Amino acid sequence: MKYGIMGYSGRMGKLIQEVFNERGHELVYRCDLKEEFRDDVPQVIVDFSTPKAFDRLMVKAEDFNCSLVVGTTALKVDDIDRLKAYAKKKSVVYARNFSKGILIMKNMIKGISGELHDWDIEIIEKHHRFKKDKPSGTAKMLAECFDFEVPTSSIRMGGIPGEHSVLIAGLGEIIEIKHQAISPRTFAEGACSAAERIVKLEKGFYTFDEICAMEEQDG
Ligand code: NAD
C-alpha cells in the first residue's frame, strides 16, 4: 500500500511509520507543520496531527483522490460533517481511539449504562504532559455511552501513554473499569489495520468498531 502521513514528525507519526514499514507499506507523502514531501500519489492518508491541519488534510485528500484514516482528536462537528461528505466518494475511517481494548470497554459500559442511574459515575483520564486536548477524545467517547451527563477529570503527567477509568460508586461499594495503553504503538497498529482495510473499499464512512467487526467476520 502506498500511504501518506499528516503529522509525520509527531509522536504518533513516527510510530505510524514504524508499524506501516514493518507491514511492508510504502510512505510516499508526508507533511507536518514545517515541511511537505511527495514522491507518489498515496492510496490513503493517515492523519494524526492537529485540528489546525484539517483544511490542509482535506485539500490533499481531494488532490490525491485518496482514502483517509483520521485519528486526530478534538475535531469540530463541522470537520466530521466534511469527512462524511468526502466519504460519499472515497472511504474514510474516523476514530478517537484506535485500540481494540477501548472498543471492548465501550461495549461493556454500553451494556450496563441503563442500570446506573442511581450511582455516582466519573471518568478519569491520564495522559502524557504533551497532550494538548482535554478531556481526551476517548473520554468524550466513553461519556457518550451514557444517556446522562458524566463528569470527566483529566490528568497530564510525565509520559503516560493513555489511561481511562470509569468509576461507578454506590454508598458502600465501588466499581472501576479501567483501560491502560501500555504502548502508543497499539494506536498505530489499529490505524494500520484500518488503512489496509479501507483501501479495498470504494467509499463510505467507517468507525473503528466497524473495521474490527469486518476483521472478525474474516476470522
Ligand atoms: P504531536 O504534537 O507529537 O504531533 C503533531 C504533528 O502534527 C507534528 O508532526 C506537527 O508538525 C504536525 N502539525 C502541526 N500543525 C500542522 C499543520 N498545520 N499542518 C500539518 N501538520 C501539522 O502529537 P501526537 O501525540 O502525535 O498526537 C497527534 C494527534 O493524534 C492528536 O490529536 C492526538 O490526540 C491524536 N491521537 C489519537 C489517537 C487515536 O487512537 N485516535 C491516539 C493517540 C493520539
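As the structure is a prediction and not an experimental result, all values here were calculated from the model. Along the sequence shown, the residues carry numbers beginning at 1. Counting starts at 1 for both ligands and their atoms, following the listed order.
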[atom]: which protein heavy atom is closest, and how many Å away?
| atom | result |
| --- | --- |
| atom 15 (N) of ligand 1 | T50 CG2, 3.1 Å |
| atom 34 (O) of ligand 1 | T73 OG1, 2.5 Å |
| atom 18 (N) of ligand 1 | L33 CD1, 3.7 Å |
| atom 17 (C) of ligand 1 | A53 CB, 3.5 Å |
| atom 1 (P) of ligand 1 | R11 NH2, 3.6 Å |

message: Taking 4.0 Å as the limit for heavy-atom contacts, which would you say applies to T138 with ligand 1: side chain only, backbone only, both, or neither?
response: neither
- prompt: Quick one: does ligand 1 sit under 4.0 Å from the side chain of R96, the backbone, both or neither, non-hydrogen atoms only?
  reply: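 Just the backbone.
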Residue from K110, R96, K106 passing side-chain hydrogen bond (donor to acceptor under 3.5 Å, both in side chains) with E144: R96
Partner residues of E18 under the side-chain hydrogen bond (donor to acceptor under 3.5 Å, both in side chains) criterion, sequence neighbours left out: R185
Exercise: do E125 and T152 side chains pair donor with acceptor under 3.5 Å: no
message: Testing Y29, Y3, Y86 one by one against F64 for a ring pair (Phe, Tyr, Trp, His ring centres under 6.0 Å), which residue passes?
response: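 That would be Y29.
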Out of curiosity, is [X] lining ligand 1, as in a heavy atom under 4.0 Å away?
| X | value |
| --- | --- |
| A95 | yes |
| K131 | yes |
| K34 | no |

Using a strict 4.0 Å cut-off to heavy atoms of [X], name the atoms of ligand 1 that fall inside it.
| X | answer |
| --- | --- |
| R56 | 19 (N), 20 (C) |
| T72 | 32 (O) |
| K132 | 2 (O) |
| D133 | 34 (O) |

What's the spacing between [X] [atom1] and [Y] [atom2] if we round to 0.5 Å?
| X | Y | atom1 | atom2 | value |
| --- | --- | --- | --- | --- |
| Q180 | T186 | CD | OG1 | 13.0 Å |
| R11 | H128 | CZ | NE2 | 5.0 Å |
| Y8 | K14 | OH | NZ | 9.5 Å |

- prompt: Applying the 4.5 Å side-chain criterion to the ILVMFWY set and letting contacts propagate, would L201 and L83 be lumped into a single cluster?
  reply: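 Different clusters: L201 never reaches L83 through Ile, Leu, Val, Met, Phe, Trp or Tyr contacts under 4.5 Å.
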field: Nitrogen or oxygen of G13 less than 3.5 angstrom from that of ligand 1
entry: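 Among all N and O atoms of G13, none is under 3.5 Å from an N or O of ligand 1.
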query: Would you say the side chain of S165 lies within less than 4.5 Å of the side chain of M105, judging by non-hydrogen atoms?
result: no
Nearest neighbour of [atom] from the list [options], on a heavy-atom basis:
| atom | options | result |
| --- | --- | --- |
| atom 38 (C) of ligand 1 | Y8, F98, F48 | F48 |
| atom 31 (C) of ligand 1 | S49, A181, G190, S9 | S49 |
| atom 8 (C) of ligand 1 | G137, P51, S99, G10 | G10 |
| atom 24 (P) of ligand 1 | M12, M6, H127 | M12 |
| atom 12 (C) of ligand 1 | G71, A191, G7, G162 | G7 |

- request: Classify the ring geometry between F98 and F208 as parallel (under 30°), tilted (30 to 60°) or perpendicular (over 60°).
  value: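 Geometry flag for F208 against F98: perpendicular rings.
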- prompt: Hey, what's the ring geometry for H164 with H127, parallel, tilted or perpendicular (30° and 60° as the breaks)?
  reply: perpendicular
task: Check whether more than 12 heavy atoms from other residues, nucleotides or ligands sit under 6.0 Å from atom CG of D218, and answer yes or no.
output: yes
